[in-house]
Amino acid sequence: MKAMTKEELNQRTKEIVDFLSEKNEEAKKMGIDQHGHFYTSVAFTLGSLIGFDFKPEGYGPMIATMIDSLTEGLQTGVQGKGVNGTFIKIVRD
């Protein structure tokens, strides 16, 4: 896979974040059930894409990458809100 430039990565990330942020705000306005459904739908969609797009030997590495990204995103989000705490990832070799 060809590595993207930082500018390409930032633009693609921004497009995804903007879209998901808009849908998240819509779900929040509809209530807690719809807000929860939004998050489970996003997770299900990402999992489905991995299943369809990768060969079986790629499932584990991509899931590990997603968990890393999810943890880093949570850390960034809670720090942005001023919440003290650190997420620790436990890795088993």
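Predicted model only: the values in this text are computed from it and were never measured. Numbering starts at 1 and runs along the sequence shown.
- Atom CD of residue Glu26 and atom CD of residue Gln34 lie 11.0 Å apart, to the nearest 0.5 angstrom.
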Test Asn10 against Lys6 for side-chain contact (heavy atoms from CB on, under 4.5 Å), laying out the working first. CA-CA 6 Å; Asn10 286 341; Lys6 187 169 184 161; 3.8 Å; yes

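- A perpendicular orientation is assigned to the rings of Tyr39 and His35, their planes being inclined by more than 60° (bins at 30° and 60°).
- Residues Leu46 and Val17 are members of separate hydrophobic clusters, defined by side-chain heavy-atom contacts under 4.5 angstrom among Ile, Leu, Val, Met, Phe, Trp and Tyr.
- In plain terms, the two heavy atoms of Glu8 and Thr5 that are nearest each other are OE1-N, 2.8 Å.
- How far OG1 of Thr65 is from CD1 of Ile50: 8.5 Å, rounded to the nearest 0.5 Å.
- The CG atom of Asp68 lies 12.5 Å from the CD1 atom of Ile63; values are rounded to the nearest 0.5 Å.
- Val42 and Ile32 are members of different hydrophobic clusters when ILVMFWY side chains are connected at heavy-atom separations under 4.5 Å.
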Check the pair His37 / Thr40 against side-chain contact (heavy atoms from CB on, under 4.5 Å), numbers first and verdict last. CA-CA 5 Å; His37 181 67; Thr40 56; 4.1 Å; yes

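- Residues Asp53 and Met62 are not in side-chain contact: their nearest non-hydrogen atoms beyond the backbone lie 4.5 Å or more apart.
- With rounding to the nearest 0.5 Å, the separation of CG in Leu74 from CD in Gln79 is 11.0 Å.
- Between Arg12 and Glu15 there is no salt bridge, since none of the side-chain N atoms of the basic residue sits less than 4.0 Å from a carboxylate O of the acidic one.
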Kindly indicate, with the supporting measurements, whether the criterion side-chain contact (heavy atoms from CB on, under 4.5 Å) is fulfilled by Phe38 and Leu20. CA-CA 9 Å; Phe38 167 78; Leu20 290 176; 4.2 Å; yes

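- Here the shortest heavy-atom pairing between Phe54 and Tyr59 reads O-CE2, 3.4 Å.
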Give the intermediate values and the outcome of side-chain contact (heavy atoms from CB on, under 4.5 Å) for residues Lys23 and Phe19. CA-CA 6 Å; Lys23 296 300 178 186; Phe19 174 78; 3.6 Å; yes

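- A distance-only check finds a donor-acceptor pair linking the side chain of Gln75 to the backbone of Gly85 [under 3.5 Å].
- With rounding to the nearest 0.5 Å, the separation of CD1 in Ile16 from OG in Ser21 is 11.5 Å.
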